[in-house]
2 protein chains.
Amino acid sequence: MRNDASGASAVPRRDEIVRAATALFLEKGYAATSMSALAQACGMQKASLYHHFPSKEALFVACVNDGYDVAVRELEQIRDDRTLDDEARLRRAFDALYRITVESTVGRMSPLIAETSRQIPSVARAFHDGFITRQHEILSDMIDAGVASGAFREVDRLGLEHMIFGPIVTLSLSREMFASFDSLDALYPVDGVREAHCDLILKLLRVSSDEPTER
Amino acid sequence: MRNDASGASAVPRRDEIVRAATALFLEKGYAATSMSALAQACGMQKASLYHHFPSKEALFVACVNDGYDVAVRELEQIRDDRTLDDEARLRRAFDALYRITVESTVGRMSPLIAETSRQIPSVARAFHDGFITRQHEILSDMIDAGVASGAFREVDRLGLEHMIFGPIVTLSLSREMFASFDSLDALYPVDGVREAHCDLILKLLRVSSDEPTER
DNA sequence: GTCTATACAAGGATAGAC
DNA sequence: GTCTATCCTTGTATAGAC
């Protein structure tokens, strides 16, 4: 049942548990996921879970905190890639942001954070500081660079930030909310939305403000 | 404890229950809200709740379905208000959308829909058809009118829709996720985001594409 | 329509053998 | 590090008196 890409098995069991638990939490929500169900998904007994994590809450915290760094590092690499021009960089960033937010486990956790925000505020704090804020900073860097180089126009930053992240987060949320629909991909198509969204953002940012790469 | 604007008390107890239950569900999530807590909030015994609703799920369904019409009707009135020009109409619509999505109970339900989407798919369906779709249609009408009158430019509709609703829904979600933060209003200010967002959308839509009402 | 009392299952968590 | 067995609380829901 194990098939990690990452070489040896340094921390084998614990990571397996986090992985299985994350999937269950994402599917059923925090409160509706029982330790029994978690144990079953891991192929072990409830009591054995408590050997690895002192409580359900601690296990959940581990699940949420697990993926920040991988996601953020992907964005940093795009920001620091000197082979890209400002516009290509932004397109790559959109690509990564959509993939992270819609498909990765961390990116899909927003509803879980909302569900537990009052009960476990520390998780919300960590999610905000370790994931949200860092993403925004990296994207802000990219805009700064584009403005400095003259490729991008200066526009209101608060509005721009919300117009970049808003549609992405909402698409992810919508796909969780309406996951049971047959028509999910037709109603909320990831690729189609990403392209249309990115084009419009670039239309706002481009200095030559005609309609260049209208698809 | 009763103080409705709507005249007499036709369906008194049931509405009180829905009101109190909605508040609790929004605060604690669906699964984490017990019938005991609900009963306590209503000032009655658990068993009495079951006289009004056959199950917790049925009560929840009532809570979600309760507010569609009021919200949608507000938008319809703005759409049909012939005293407004296209741009003023859009500004009014932004106003209403932010208020509905961030402050009204229906608007704040997205995380709850996500939490229960697999367990109670019928609620997600109703929320989508009764609330989301209708909002999108009304807004689409307004854009159509603006394009027809020559006030708005035609831009990609899929992208535009997501750039209008995305930031609004995400702001609402963020405010639920980070409700415990002292700095919530500073990090996610409703008025500031709405104004900046609306200005940028108008910048995209306006035919005279210079920078008219830059704040 | 509301109450008290209760049924019965499932929840999180622990003890202690192996 | 995993197991079986168990503790105690809480969950949803029902029965039946008033």
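Residue numbers begin at 1 in each chain, while the letters A, B, ... track the order of the sequences. In what follows, every heavy atom counts, from backbone to side chain, and hydrogens, waters and symmetry copies are set aside.
- Comparing A/A37 and B/S48, the nucleotide of DNA chain C nearest to each residue sits closer to the 5' end for B/S48.
- Salt bridge B/D185/B/R175: present, at least one basic N to carboxylate O contact under 4.0 Å.
- For the pair B/R125 and A/F181, the cation sits on the ring face: its NZ or CZ lies under 6.0 Å from the ring centre, inside 45° of the axis.
- Ranking C/dT2, D/dT12, C/dC3 by closeness to the B/Q45 side chain, first place goes to C/dC3.
- For A/S34, a side-chain nitrogen or oxygen approaches OP1 or OP2 of C/dG11 to under 4.0 Å.
- Computed from coordinates, the A/L38 CG to D/dT2 P distance equals 15 Å when rounded to whole Å.
- Comparing C/dG12, D/dT2, C/dT2 by their closest approach to the side chain of A/K56 singles out C/dG12.
- Atom-to-atom, CG of A/L59 to P of C/dG11 comes out at 15 Å; the value is rounded to the nearest Å.
- For the pair A/Y50 OH and C/dT14 P, the computed distance is 7 Å after rounding to whole Å.
- Across the protein-nucleic acid pair, A/M44 atom CE and D/dT2 atom P stand 5 Å apart, rounded to whole Å.
- With salt bridges taken as basic N to acidic carboxylate O contacts below 4.0 Å, one links B/D144 and B/R157.
- A/F53 places its CZ atom 15 Å from the P atom of C/dG12, with the value rounded to the nearest Å.
- Under 4.0 Å is where a charged nitrogen must lie from a carboxylate oxygen, and between A/E103 and A/R108 no such pair does.
- Where A/H52 and A/K46 meet DNA chain D, the nucleotide closest to each residue was compared, and A/H52 sits on the side nearer the 5' end.
- Look at A/S36 and you'll find a side-chain N or O under 4.0 angstrom from OP1 or OP2 of C/dG11.
- Side-chain N/O atoms of B/R13 include one lying less than 4.0 angstrom from OP1 or OP2 on C/dT2.
- Of the candidates D/dT2, C/dG12, D/dA15, the closest approach to any side-chain atom of B/A47 belongs to D/dA15.
- We find that CD of B/E57 is positioned 18 Å from P of D/dG11, with the value rounded to whole Å.
- The cationic atom of A/K56 (NZ for Lys, CZ for Arg) does not lie both less than 6.0 Å from the six-membered ring centre of A/Y50 and within 45° of the ring axis.
- Side chain of A/H51, nearest nucleotide from D/dG11, C/dG12, D/dT2: D/dT2.
- In this entry the distance linking CD of A/Q119 with P of C/dG11 reads 16 Å, nearest Å.
- Rounding to whole angstrom units, CE of residue A/M35 and C1' of D/dG11 are separated by 18 Å.
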